[in-house]
Amino acid sequence: MKNFIFHNVSAAPDHVAPFSHAVEADGWVMLTGQMPTVPGAPDAPLAEGIAAQTRQVMENLRTVLQGLELDLSDVVQCRCYLTEFERDYAAFNQTYQSFFEADKLPARTTVGVTALAVGALVEVDCVARRRG
């Protein structure tokens, strides 16, 4: 029997495609990749540069997690997508790691892609786990 819970978080950014912000199954929570869009301002220009866009993406992930009574410490894995991998990888890493405790970084895969929705430089999705 499937017991999936499909979550949409009102404080999170508007959807840029047909998806749920997160889907939960047996305490595992899969978050849709977040873009560097500003909640409540879907037509606002994206921040300039990889560091600013990464901060917005991570804040958007934090907003979705908070809407589900979770936080970044519950994240066990992230997938990260960069449109300018070689140029942006180091700056992305520096900003990304500031959102986690140094000795408690989630497992991660980072790949270069040819394009992302809304012209973003970065997108990050993640998997979180509810505790006990």
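Ring-plane geometry between Phe19 and His15 is classed as tilted, the angle between the planes lying from 30 to 60 degrees on a 0 to 90 degree scale.
Residues Leu46 and Val38 fall into different hydrophobic clusters, defined by Ile, Leu, Val, Met, Phe, Trp and Tyr side chains chained together at heavy-atom separations under 4.5 Å. Val75 and Met30 are not part of a single hydrophobic cluster, where members link through side-chain heavy atoms under 4.5 Å apart.
Separation of atoms CZ (Arg130) and CG (Asp26) is listed at 12.0 Å; rounding is to 0.5 Å. Put simply, CG on Asn8 and CG on Asp14 are 11.0 Å apart, with the number rounded to the nearest 0.5 Å.
Without hydrogens or angle criteria, Asn93 side chain to Ala90 main chain gives no donor-acceptor distance under 3.5 Å.
Within the 4.5 Å cutoff, no side-chain heavy atoms of Asn60 are placed close to those of Met35. Cys78 places none of its side-chain heavy atoms less than 4.5 Å from the side chain of Met58. Here the side chains of Leu121 and Thr83 are in contact, with some heavy-atom distance below 4.5 Å. Residues Asp88 and Thr54 form no side-chain contact, since every pair of their non-hydrogen atoms from C-beta on lies 4.5 Å or further apart. At least one side-chain heavy atom of Leu82 sits under 4.5 Å from a side-chain heavy atom of Thr110. Between Thr32 and His21 there is no side-chain heavy-atom pair separated by less than 4.5 Å.
Remark: Arg108 fails to qualify as a cation-pi partner of Phe100 under the 6.0 Å distance and 45° angle criteria applied to the six-membered ring.
Counting non-hydrogen atoms of neighbouring residues, nucleotides and ligands closer than 6.0 angstrom, the CD atom of Gln77 exceeds 12 such neighbours.
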